[in-house]
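Keep in mind that what you see is a predicted model, and the values were worked out from it rather than measured. Computed over heavy atoms, backbone and side chain alike; hydrogens, waters and symmetry mates excluded. When a ligand or atom number is given, it counts from 1 through the structure's own listing order. Note that the numbering runs from 1 along the sequence shown for the chain.
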Amino acid sequence: MLIRYKKNFEKIAMGLLSFMPTEKELKKLQISMKQYENEENWQLFLWKEDDIIGIIGISFIDEQNLEIHHICVNPSHRHQGIGKKMVRALKEMLPDKSIVPTEHTKPFFEKCDQDRDDKTHHVE
Ligand SMILES: CC(C)(COP(=O)(O)OP(=O)(O)OC[C@H]1O[C@@H](n2cnc3c(N)ncnc32)[C@H](O)[C@@H]1OP(=O)(O)O)[C@@H](O)C(=O)NCCC(=O)NCCS
């Protein structure tokens, strides 16, 4: 399930965020963490099963629209559908919002849409 970031998750959150190609430099990663901690329109969610194994970070552009800036899954838990579950859970948590990716999360976001469309076709 998705849980809201709290300060005591800082280390695990930074570890997960560092898997983003855009967050390889420690300086950049620290700036991103500060943004999530200090700016109200930036929000970070962790994916918890037995352990915390994924992260998804968003920013509200305005009341109606938000962007996904970061999405990462612990490498030991990849290819098990966690990334897709996080995107689905975010959409379910914010059903009346318009959710778009940034250029850095677009490939996977589109992959999630594509797989959802494939499933729809199977039902038809
Ligand atoms: C992207 C990421 C979150 C996917 O997590 P995951 O839990 O392994 O994803 P799922 O198991 O739900 O889905 C796996 C599918 O997504 C695809 N996929 C993985 N990374 C992808 C990417 N960067 N772009 C597009 N598709 C991607 C896989 O090829 C796989 O496809 P398949 O179902 O046809 O085999 C994970 O690979 C990750 O943390 N990557 C590093 C961070 C990153 O680059 N994030 C931005 C991605 S645009």
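- T105 and H70 are not linked by any side-chain donor-acceptor pair at a separation below 3.5 angstrom, with hydrogens and angles left out of the test.
- Between the side chains of E23 and S32, at least one donor N or O lies within less than 3.5 Å of an accepting N or O.
- Residues with a heavy atom under 4.0 Å from ligand 1: F19, M20, P21, I71, C72, V73, R78, H79, Q80, G81, I82, G83, K84, H104, T105, P107, F108, K111.
- Checking E37 against Y5 by side-chain atom types alone, a donor-acceptor pair falls below 3.5 Å.
- Considering Q80, M86, R78, H77 as possible partners of I53, the one that fulfils the side chain to side chain contact (heavy atoms under 4.5 Å, CB included) test is H77.
- Screening I68, T102, I99, I71 against I58 for a side chain to side chain contact (heavy atoms under 4.5 Å, CB included) leaves a single residue, I68.
- E40 and W42 are not linked by any side-chain donor-acceptor pair at a separation below 3.5 angstrom, with hydrogens and angles left out of the test.
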